[in-house]
Amino acid sequence: MKYKEFDPDRFDAVILAGGFSFGDYLRAGSVAANSDTMAKVKEMVNSGKKVLGICNGFQILVESNLLEGGLLPNLNMRFISKWIYLKIVKETALTKGLKGKVIKLPIAHAEGRYYHDNPQRASELAVFQYTNNLGEVDEKSNPNGSLLNIAGISNEEGNVIGLMPHPERASFPLISPDGSSDGLMLLRSFLR
Amino acid sequence: MRLSLSTYEMELVRKQIGREPLESEWKVIDALWSEHCSYKSSKIFLRTFPTGGENVIMGIEDWQDAGAVDLGDGLALVLKVESHNHPSAIDPFNGAATGVGGIIRDIVSKGAKPIALLDMIRVGDLGSERNRWLLKGIISGIGFYGNSIGVPVVGGELSFDESYNDNPLVDVACAGIVKKDKIIPSVVKKSGLKLVLVGLTGIDGLGGASFASRKLSGEDEIGAVQIADPFAGKIIIDATLEVSDKVEAIKDLGGGGLAVAVTEMANGLGANIKLENVPLRVKEMTPEDIIVSETQERMLFAVEEGNVQSVCKSFEYYEYPCAVIGEITEDKIIRFTFEGKEIVSLPSELLLSPPLYMWGTSTERRGMKPRIAVEIGQAIRKVLTHPDMVSKEWAYSQFDYEVGISTVIKPGEADASLVKLPNGKFLALKGDANPELCLYNSYECGKAIFAEVYRNLATVGSIGVAAVDHLQFGDPRRPEVYQDFVNSVRGISEASKVLNVPIVGGKVSFYNENLRGEAIKPTPLIVMAGISEKFFRPKIDEDQYIVLLGITKDQLAGSLYHKLFGGEEETPNEILYEDLITSKFVTQLIREGKVEFVKDISKGGIIGSLWPIIVKGYSVSLNIDSIIGASRVESKLFSENGGRFILLTQNLEEIISRSRDNGIFSSQIGKVKGREKIGLSLNDKFLDLTEEVDKYYNFLEGMQ
């Protein structure tokens, strides 16, 4: 859908996809956050509709203050494209009945290091954490230096969720390196 | 701004037009007659490439921006390769990024959607801080552009040799998909069409085509480098594909800027361009600079008058500048005016017909370095820890290889990448070069690289359907350089014929030298696309048998072993028919699900081909005596002669017997063992490679 034609009243939920909105010039997501389109997304949030931000979408939600914290440049200052393991640590619209599960998704970003000035608050908001294949949170499994290995968070109500990994890219067995489709599980939960 | 025209060429121009050209006209001639745009030193030979074939929709002879082949189901594949060597030597980040932007626009200008990129990078010795700076800049530049624009980099090569000190090679290839009957030409056939330019013109990349067609001067040439703007590039892709139905021709503005794009699009007809109508990024640019500026993210369309408004509407939606700057005329004169004043007025014919050269060639062979004695275990360690053999994850993890959700076999997983196509088939892509072999015999090398890339596609179950070439050398006026160029063209042509893969496009880049005036190693490069019907994902597992197909020969010259340890060695001769039948056999086995992993034998020889198994944490047992052919142990282990594969399989007997039926030598040479130890057991003597595997994963990652 073209962003200028977006009419919030026609939809029950919106997904902000990944992809360098406005070239990510200035700071990832910052130009998009100030667009008319995001003002409409805010209306949807306020009326309790579901909003999911993936990768650049997450960055836009943070820049729009629809989610707390910030997304800083990766600790190694490079773009990172990689398949990683995540643990689901909270139930939200995206993760209904999935708490505790370990899933495999790809990441692809340069600015994905989650930061919050209150770690206690951050751990309450966290929905996904980077882990090893056994679901253990360790430093080695943290690809970008995120606070508490946080890969995705939600707002307090749980209707706005953002994550750096890409569930849509892990939804086709042919494309996943091990034939899994964990991402589809999340997207199905979101649509339910 | 410096010109690259010779005195002879300037004389020729004066004679043909009967007057002294204006300075602005010299600049236009300089761009059109540059090696970069005119192929004046190579065209005579390029014309001999086998470019035809049942499946070819658009080949080299059409002189279009890219080649195209029929994929069936109404779809066509568009393929193109380009380099950005000189700009990357000065400003690696922008040089590499604009290389990606340029190749993507070449694909888009055919009306095709770009679906995959490859990048083949060659830099000098990483011991030098400058080379590390170049490499980091090049990789992040490619990532910056490709990632933002949403075209996945699905594979490539990263290779090191000191001959690329000062002059790195940055080659990018792009594949695109278009409906067969919707391919847009780059040239017009009639006058009266309006010329529509989109994008802003600025002061970057002034005289870039000429800059790319001479040696690096060591002076400040930053003004000739273009600056990348991927967001604008993304708008160009989306909007161009939207309007492609409404335009008669599309041309990307690349080397030589407007001068070249307008002249080439007019293709012998004339054009009137009003420079005051060109949307500018900076005020007060001189008309001369507007003509030759190579600012990126611009596109030229030839449009019927009635469609102009609707074409511009698509760009204006994104607030992207779109302007009518002139029209195609009958009079065969390329004319640029500024507010009524004539700036350039030259015959099309003159601009499109530079003198073509056949430079002198020699038949001299280059000498080989004296042999350094080395024990086998030590040689294995040295070969496996050469930077060419280490993990390239540091590089490809900076590329978004998943965007588009179609990358089946990802970078680093196999010898070629595999991408899912909209018609359910799979596209295999790979690029290969072998400068070390070309150094000793560029004819055999031409055949060998073509055969290698063909085998690489076979390892993922695909048969090659189209190739593009990139021929990179030093100064063509030097006989030893021109010899390499001509011979490699011959070798590539021959391989294209035997393997039946047409060459549908290509590029030539001369004047690649270091600051001391020494040429790079001859680096012709082939990029090939293949098609397979069946999904394949390679799998390595304990207890698989390792089967070798083909004959190993005492032909070490040009191998990595030879590069490291020298010696007077024989050069491999590529027996193309062996490549053909073994590759077909391998794809048949993959289709039937009889093999789980296939690796072609090239860099590092058999040892190099076992390396991907060992780095996964397995040990491998190898029985040297069952390697058929070569008599010397070092040849058995390290020879890089063609026509060979290793297969991992559970169906040992069947494969051995079927290969006999097909007239192919085969033998079981070893087995994949457990993960308790990491290394290689050679005739039962175990060589621990834990340290080498560590280096494999950490070499580039640890680079400061």
Side-chain angles (χ1 to χ4, degrees), chain A residues 1-5 17-26 28-32 35 54-56 59 73-84 104-112 140 143-144 164-181 183-184 187, chain B residues 136 139-154 228-235 238-239 242 297 314 317-319 393-414 418-420 424 426 534-539 700-703:
Chain A
M1 141 140 314
K2 287 191 166 178
Y3 72 102
K4 286 186 189 169
E5 276 115 68
F20 291 83
S21 54
F22 299 93
D24 275 354
Y25 295 157
L26 199 59
S30 64
V31 181
S35 65
I54 297 168
C55 195
N56 195 232
Q59 293 164 336
N74 297 342
L75 208 52
N76 66 5
M77 299 304 282
R78 297 202 308 254
F79 189 95
I80 304 171
S81 187
K82 198 178 174 182
W83 285 75
I84 46 87
K104 195 174 180 182
L105 304 182
I107 55 167
H109 58 251
E111 293 162 69
K140 227 184 124 200
N144 52 20
M164 289 314 297
H166 286 272
E168 80 285 10
R169 295 181 181 184
S171 296
F172 306 89
L174 233 53
I175 305 299
S176 297
D178 57 0
S180 59
S181 55
L184 195 58
L187 296 174
Chain B
K136 288 177 191 169
I139 298 296
S140 62
I142 292 171
F144 168 70
Y145 205 102
N147 297 346
S148 340
I149 210 159
V151 182
V153 176
V154 299
D229 179 358
F231 179 53
K234 173 69 177 155
I235 292 174
D238 292 353
E242 210 174 284
E297 340 299 356
S314 291
Y317 178 87
Y318 299 102
E319 290 148 44
E393 188 172 356
W394 169 83
Y396 64 72
S397 68
Q398 297 186 54
F399 306 143
D400 189 352
Y401 51 80
E402 299 286 3
V403 66
I405 320 186
S406 55
T407 315
V408 175
I409 296 184
K410 305 167 201 302
E413 255 195 290
L418 204 61
V419 177
K420 194 167 173 284
F426 299 90
K534 202 182 158 195
F535 167 78
F536 175 65
R537 186 176 295 291
K539 196 172 128 230
L700 288 174
E701 202 57 55
M703 180 178 55

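In what follows, chains carry the letters A, B, and so on, assigned in the order in which the sequence lines appear, proteins first and then strands, with residues in each chain numbered from 1. Only this structure's heavy atoms are used, side chains among them; waters, hydrogens and symmetry mates stay out.
Looking at heavy atoms from C-beta onward, A:H109 lies out of side-chain contact with B:N147 at the 4.5 angstrom threshold. Using a 4.5 Å heavy-atom cutoff, the side chains of A:F20 and B:V403 are not in contact. Contact of the A:I175 side chain with the B:K410 side chain is registered, since non-hydrogen atoms from C-beta on lie closer than 4.5 Å.
When each of B:G150, B:S406, B:S148 is checked for heavy-atom pairs under 4.5 Å with chain A, B:S148 comes out on top. Highest contact tally toward chain B, considering only A:G23, A:A110, A:S81, is held by A:S81 [criterion: heavy-atom pairs under 4.5 Å]. The candidate from A:P177, A:P106, A:G179, A:S21 with the greatest count of non-hydrogen atom pairs under 4.5 Å with chain B is A:P177.
For A:S176, the part sitting under 4.5 Å from any heavy atom of chain B is the backbone (N, CA, C, O) and nothing else. In this structure, chain B has a heavy atom under 4.5 Å from the side chain of A:F172, while its backbone stays farther away. At a 4.5 Å heavy-atom cutoff, B:Y145 makes no contact with chain A through either its backbone or its side chain. Heavy atoms closer than 4.5 Å to chain A are found in the backbone of B:F399, but not in its side chain.
Under a 3.5 Å cut-off, the side chain of B:K420 and the backbone N or O of A:L174 do not form any donor-acceptor pair.
Using bins of under 30°, 30° to 60° and over 60° for the plane-to-plane angle, the ring pair B:F231/A:Y25 lands in the perpendicular bin.
Ion pair B:D238/A:K2 not flagged as a salt bridge, since none of the NZ, NE, NH1 or NH2 atoms sits closer than 4.0 Å to an Asp/Glu carboxylate oxygen. Salt bridge status for B:E393 with A:R78: absent, with no side-chain N to carboxylate O gap under 4.0 Å.
To the nearest 0.5 Å, the span separating CG on A:N74 from CD on B:Q398 amounts to 10.5 Å.
Applying the 6.0 Å contact sphere to CE of A:M77 captures no more than 12 heavy atoms from other residues, nucleotides or ligands. Other residues, nucleotides and ligands contribute only 12 or fewer heavy atoms inside 6.0 Å of the NZ atom of A:K82.
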